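Written below as structure tokens is the structure these notes are about.
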Amino acid sequence: MELSEQELVRRNKLEEIKKLGIEPYPAALFEVNANSADILEHYERDKLNYKNISMAGRIMSLRQMGNAAFAEIQDARGRMQIYVKRDEICPGEDKTLFNSVFKKLLDIGDIIGVKGYVFTTNTGTISVHVTSLTLLTKSVRPLPVVKVDSEGKAHDVVSDPELRYRQRYVDLIINPEVRNVFVQRTVIINSMRNFLNERGYLEVETPILQSIPGGAAARPFVTHHNALDIPLYLRIANELYLKRLIVGGFDAVYEFAKDFRNEGMDRTHNPEFTQMELYVAYKDYEWMMSLVEEMLEKIAMDLYSTTKVAAGENTLDFHRPFQRVRLFDAIKEHAGVDVSNMSEEELRKTCKELKIDVAPSMGKGKLIDEIFSAKAQHHYIQPTFIMDYPVEMSPLCKKHRTIPGLVERFELFINGKELCNAYSELNDPLDQRARFEDQMKLAERGDDEAMTIDNDFLRAIEYGMPPTSGVGIGIDRLTMLMTNSSSIQDVLFFPQMRPERF
RNA sequence: GAUUCCGUAGCUCAGCUGGUAGAGCAUAACACUUUUAAUGUUAGGGUCAUGGGUUCGAAUCCCAUCGGGAUCACCA
């Protein structure tokens, strides 16, 4: 690999540093007793506490002024200006540390530790007056420089998505708002986990490698186990395993699960994604709607201390209760057709009239779903539960208690996108077996996402699964919503990319 | 998978109807003891994604490949 001019310069500097007897990658710890955010926040009120501070970070800018210099160093909490004066860091006759090391051999991107005292410059910037400086890591690759002017406008922002996603470490260093999205992602997950734990629900782990990939309609990734000499599939959902645990006697289990689906990628789909699935015994889908409302409201409050969240041009309000609309009513309202009593043939005709593309492999349920997706879905900006789906598209869901042909299922739509999917879970083992058989018929028609029959799961619910309600919430999409991110790549540290060639 | 747009210095971008490349920042040198997109003077840095083709001549036009974005299909 050919080195650029700047890389050669930095490697030469590295040698110079070593020749001066300075270790560019020291082993010893560097004791830190302050960080940038803490200093900026508390210094004015509590000046005495900042007479003797020690902090570390990456050099992000350097302004040489002869025998003094200003630099900004960035630590995990933000940026801090430091002031380095020659005679302060070199009190004796030997001025090498300043003249050679600091002025010539340090670069933007290097990581240093500084000790000194906090003061305010003539122009009013809280800064660290450095009395001693230690090189902690020499950087040999030039870091893109983003400058922010006095109006707060950033110049030369690295916006190339390829660089940002492939080299997330660079993105995180130079684009400060990126870090915040990921911190918020963790706030969301912690908020959800606390909410569930407070109710006594048990967090569990279930297999990722499965011999029958069940619980969703999707194409799986296939791998191979050498010792067993069998194909294994990366899970597309963990639903069937969590329900087995309900059979086993747990009354509420949940899992933050990485699921894998071998399908197209775009700004709302990554091959691996995270879902939180929760199953609670002796509950139904009405109860689950209330729980989801309460949980999302709490997450918004934990993030922003308000239920209002910006999403593009819209402001979402997570204040309970959310609107509840039956699927057929939603279609009636937005597509102007009543599909509640239509046969498959009539549905096909209706799709044609509405100019919706359909495939021959689509059954009745799928056709209704197509109409909803094309005509109604995008209207639901504020959190809305769409409920009561046709039985054909929900093979794991219990039949509706009063309306024939429907199941007790809801999906939550926010900003026109599906965020979660929930059922009164089907626990009638004979019905479940029949539903699996219907799925096999769909598979025979060419639906490569139809579910395969899982005999062990059937055996489990034959022992008896209590009435149970379950929900799956897409964590990546929830994070997108809550952080106003328009693509899933922005809420995943390392989104899937084609392998890079070096 | 389909359509479409893009790929020029470490970074952000110019580059006209084809005449073998420019700027700012960054880098190097000098000056400067409170600056802040620091400043001033000077210098270096590019197989124009890759491979073909058209042409006297290609960053520019055409084709293919690689990578990325957007839209669509599939899906969450």
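We name chains A, B, ... by the order of the sequence lines, and we start the count at 1 in each one. Owing to the predicted nature of the structure, the values given are computational and were not obtained by experimental measurement.
Remark: side-chain polar atoms of Thr384(A) are paired, donor with acceptor, to backbone N or O of Gln382(A) under 3.5 angstrom. Using a distance-only test at 3.5 Å, with no hydrogens or angles considered, no donor-acceptor pair links the side chain of Lys147(A) to the main chain of Asp156(A).
With distances taken from any side-chain atom of Val9(A) to the nucleotides C74(B), U34(B), A28(B), the minimum falls on A28(B). For Arg267(A), the side-chain atoms get nearest to A70(B) when compared with the rest of U35(B), A70(B), U12(B). For Pro161(A), counting side-chain heavy atoms from C-beta on, the closest listed nucleotide (C25(B), C11(B), G69(B)) is G69(B). Relative to the side chain of Ile108(A), the nucleotides A26(B), U33(B), G67(B) differ in distance, and A26(B) lies closest. Among A29(B), U34(B), C11(B), the nucleotide with an atom closest to any side-chain atom of Lys104(A) is A29(B).
Of all heavy-atom pairs between Glu277(A) and Gly472(A), the closest is CG-CA, 4.0 Å. What you find for Arg235(A) and Thr206(A) is that their closest heavy atoms are NH1-O, 3.0 Å. Nearest heavy atoms, Gln377(A) versus Gly416(A): NE2-O, 3.1 Å. Heavy atoms only, all atoms of each residue included: Lys366(A) and Met393(A) are closest at N-CB, 4.5 Å.
Going from the P atom of C13(B) to that of A58(B) covers 28 Å, rounded to whole Å. Across the C1' atoms, U3(B) and A76(B) are found 24 Å apart, a figure rounded to whole Å. With P as the reference atom, G53(B) and A59(B) are 15 Å apart, rounded to whole Å. The same atom, C1', is picked in A9(B) and in G15(B); the two are 14 Å apart, to the nearest Å. A gap of 14 Å separates the C1' atoms of U34(B) and U39(B), to the nearest Å. Distance noted for atom C1' between U60(B) and A14(B): 14 Å (whole Å). On the P atoms, C66(B) is 24 Å away from U12(B), given to the nearest whole Å. Look at the P atom in both C48(B) and U8(B): the space between them is 11 Å, to the nearest Å.
For Arg261(A), no side-chain nitrogen or oxygen approaches OP1 or OP2 of C74(B) to under 4.0 Å. Within the structure, every side-chain polar atom (N or O) of Lys366(A) is placed at least 4.0 Å from both OP1 and OP2 of C74(B).
The base-pairing partner of G1(B), taking Watson-Crick or G-U wobble contacts with both distances under 3.5 Å, is C72(B). Checking U34(B) for Watson-Crick or G-U wobble geometry (two distances, each under 3.5 Å) identifies no partner in any strand. Both distances falling under 3.5 Å, in either a Watson-Crick or a G-U wobble arrangement, occur for no nucleotide opposite A26(B). Across all strands shown, U20(B) forms no Watson-Crick or G-U wobble pair with both distances under 3.5 Å. When both pairing distances are held under 3.5 Å, U50(B) makes a Watson-Crick or G-U pair with A64(B).
Put simply, the side chain of Gln81(A) does not reach to within 4.5 Å of the side chain of Ile126(A), judged on heavy atoms. Gln184(A) places none of its side-chain heavy atoms less than 4.5 Å from the side chain of Phe182(A). Counting heavy atoms from C-beta outward, Arg77(A) and Met55(A) have side chains that stay 4.5 Å or more apart.
Counting non-hydrogen atoms under 4.0 angstrom, Val146(A) reaches nothing in the nucleic acid. Nucleic acid contact for Gly474(A): none, since no nucleic acid atom lies under 4.0 Å from a heavy atom of the residue. Nucleic acid contact for Asn270(A): base, since at least one base atom lies under 4.0 Å from a heavy atom of the residue. In this structure, Asp266(A) reaches the bases: a heavy-atom distance under 4.0 Å links it to at least one base atom across the strands shown. Nucleic acid contact for Gln81(A): base, since at least one base atom lies under 4.0 Å from a heavy atom of the residue. Note on Arg164(A): nothing from the nucleic acid sits closer than 4.0 angstrom, heavy atoms only.
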Detail all sub-3.5 Å separations between protein N/O atoms and N/O atoms belonging to nucleotides 1-9 of chain B.
none

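In this structure, a donor-acceptor pair under 3.5 Å is absent between the side chains of Tyr165(A) and Asp171(A).
Rounded to the nearest 0.5 angstrom, Ile414(A) CD1 and Leu478(A) CG are separated by 7.5 Å.
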With the sugar-phosphate defined as primed atoms, P, OP1 and OP2, and the base as all remaining atoms, what B/S/- string results for nucleotides 37-45 of chain B, 5' to 3', for protein heavy atoms under 4.0 Å? BB-----BS
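Under a cutoff of 6.0 Å and an axis angle of 45°, Arg409(A) and Tyr389(A) form a cation-pi pair.
Going from atom CZ of Phe102(A) over to atom P of U33(B) covers 15 Å, rounded to whole Å. Here C74(B) presents its C1' atom at 13 Å from CZ of Phe221(A), a figure rounded to the nearest Å. Between Asp357(A) atom CG and C74(B) atom P there is a gap of 8 Å when expressed in whole angstrom units. Arg10(A) has its CZ atom 13 Å from the C1' atom of A28(B), to the nearest Å. A straight line from CG of Asp110(A) to C1' of G10(B) spans 15 Å, rounded to a whole angstrom. What separates CD of Glu239(A) from P of A76(B) is a distance of 12 Å, to the nearest Å. Here U35(B) presents its P atom at 20 Å from CZ of Arg79(A), a figure rounded to the nearest Å. In this entry the distance linking CD of Glu162(A) with C1' of U12(B) reads 16 Å, nearest Å.
Where Val157(A) and Ala216(A) meet RNA chain B, the nucleotide closest to each residue was compared, and Val157(A) sits on the side nearer the 5' end. Residue whose closest nucleotide on RNA chain B sits further toward the 5' end, between Ala217(A) and Asp160(A): Asp160(A).
Enclosure of atom CD in Glu205(A) is not indicated, since only 12 or fewer non-hydrogen atoms of other residues, nucleotides or ligands lie within 6.0 angstrom. Other residues, nucleotides and ligands contribute at most 12 non-hydrogen atoms within 6.0 Å of the CE atom of Met440(A).
Ring pair Phe372(A)/Tyr380(A) is parallel by interplanar angle, where below 30° counts as parallel and above 60° as perpendicular.
RNA chain B lies under 4.0 Å from at least one heavy atom of each of the following residues of residues 82-99 of chain A: Tyr83(A), Lys85(A), Asp87(A).
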